[in-house]
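Keep in mind that the numbers below use all heavy atoms, side chains included, and drop hydrogens, waters and symmetry copies. Lettering follows sequence order; numbering is per chain, from 1.
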Amino acid sequence: MNPETVIDAVSAVFMVVGALMSLGAAVGLLRFPDLMSRMHAATKPQVLGLFLLLAALGLQMRTWWVWPVLVVAWLFQLLTVPVSAHMVGRAGYRTKHLHPELLSADELEAVVQKAAQKAARQAAARHGTDDDADR
Amino acid sequence: MNRKRISLRQELPLLVWLVFVWGALWQNFSPGNLLFGALIAVVVARVFYLPPVELGGRFNVLRAVPFAVVFLGKVVAASFQVLYLAVVRGPDVVSAIVAVPLRSHSDLLVTATGHVISLIPGSLVVEVDRSTSTLYIHGINVRNAQDAAKLRKEVRDTEAGLIRIMGTKEELSALAQEAAA
């Protein structure tokens, strides 16, 4: 076995598994029940999928200067994926795009309700003083 | 614009990163190109001034390398788990939102923990309470209290690993005390 064959075999495996991860993301998008679980499928498997595809690309190009570009591409992916997942997840929770019956626990709900009650009380208090001022 | 100026030493990691991106985009790491990139990096960092990132003042490479390897392993394992869940479980998957109080109150560590935990498939940060530094995490396939406890432990362990890499000395000694107790 010469090194060329080994490199070709490794990059072939990387490419197939990487493509499989992207397929998994698509399947997850279709099959998962609500926005939050879909975000898991939409954002995560392709972190690994992209890593494997970039690694295969780097192995096949046989020039060292592509590696920094690939590293930068992957690092930006690592930096931006959690932010976008968080923003969509947070907006989804706040606009109630979730199925409570599919959650075994929700420790955020109590906090949100407490904050909402506090805001309502403050609004009521403000109204009260306004009324006093009118009279 | 009356912000505290930060020292060049504190800014250095940012500048090195900018020069690296410059070199990578030109695909040219010759000294002349890097020097020009450094010049542009300094100008950019001065003109488009961002709030400084408060680093812990230490970075343990010996801890960082195993952490990165374990992280990559977890990403691989969890990717296949989410793939399995998507194909087999599909619409019946049960999740949970779990509150995880963190030890550290530094923005950098809370952000880093949130990032690492979000990148590992199966967990996603929904909400951050900065005043109590609590992360609210949506975990997929969390069916009961035991699974939730496991998720909470994993997040706390991730944070401990990050504190060992780049936490401040105070956080590190607090962690050592906790481990001894």
Between B/Y84 and chain A, which part of the residue has a heavy atom less than 4.5 Å away: side chain, backbone, both or neither?
-> neither
Under 4.5 Å from a heavy atom of chain A, the part of B/I117 involved | neither
Mind checking whether A/L57 and A/L78 sit in one hydrophobic cluster, side chains of I, L, V, M, F, W, Y counted as touching below 4.5 Å?
-> yes
Sub-3.5 Å donor-acceptor pair from the side chain of B/H115 to the main-chain atoms of A/L79, do we have one?
-> yes
Interface moiety of A/W67 toward chain B, non-hydrogen atoms closer than 4.5 Å = neither
Select one option (side chain, backbone, both, neither) describing which atoms of A/V17 are under 4.5 Å from chain B's heavy atoms.
-> side chain
B/A148, part contacting chain A, at a heavy-atom distance under 4.5 Å | neither
What part of A/V81 is in contact with chain B, defined as an atom under 4.5 angstrom from a non-hydrogen atom: side chain, backbone, both or neither?
-> side chain
What option among B/S95, B/A24, B/A145, B/A78 has the most heavy-atom pairs under 4.5 Å with chain A?
-> B/S95
Shortest non-hydrogen contact from B/S79 toward A/M21 = CB-SD, 3.7 Å
Between B/V100 and chain A, which part of the residue has a heavy atom less than 4.5 Å away: side chain, backbone, both or neither?
-> neither
Inter-residue atom distance A/W64.CH2 - B/F29.CZ, 0.5 Å rounding = 6.0 Å
A/F32 portion near chain B, given a 4.5 angstrom heavy-atom threshold | both
Pick from B/V98, B/I140, B/L83 with the largest number of heavy-atom pairs that fall under 4.5 Å of chain A = B/I140
Is A/R31 reaching over with its side chain to a backbone N or O of B/A86, donor-acceptor style, under 3.5 angstrom?
-> yes
Select one option (side chain, backbone, both, neither) describing which atoms of A/L75 are under 4.5 Å from chain B's heavy atoms.
-> side chain
Could you look at A/M36 and say if it's the side chain, the backbone, both or neither that has a heavy atom under 4.5 Å from chain B?
-> both
Interface moiety of B/S123 toward chain A, non-hydrogen atoms closer than 4.5 Å = backbone
Nearest 0.5 Å, what's the OG-NE2 distance between B/S118 and A/H40?
-> 9.0 Å
Atom pair NE2 (A/H86) and OG1 (B/T111), whose distance is rounded to the nearest 0.5 Å = 10.0 Å
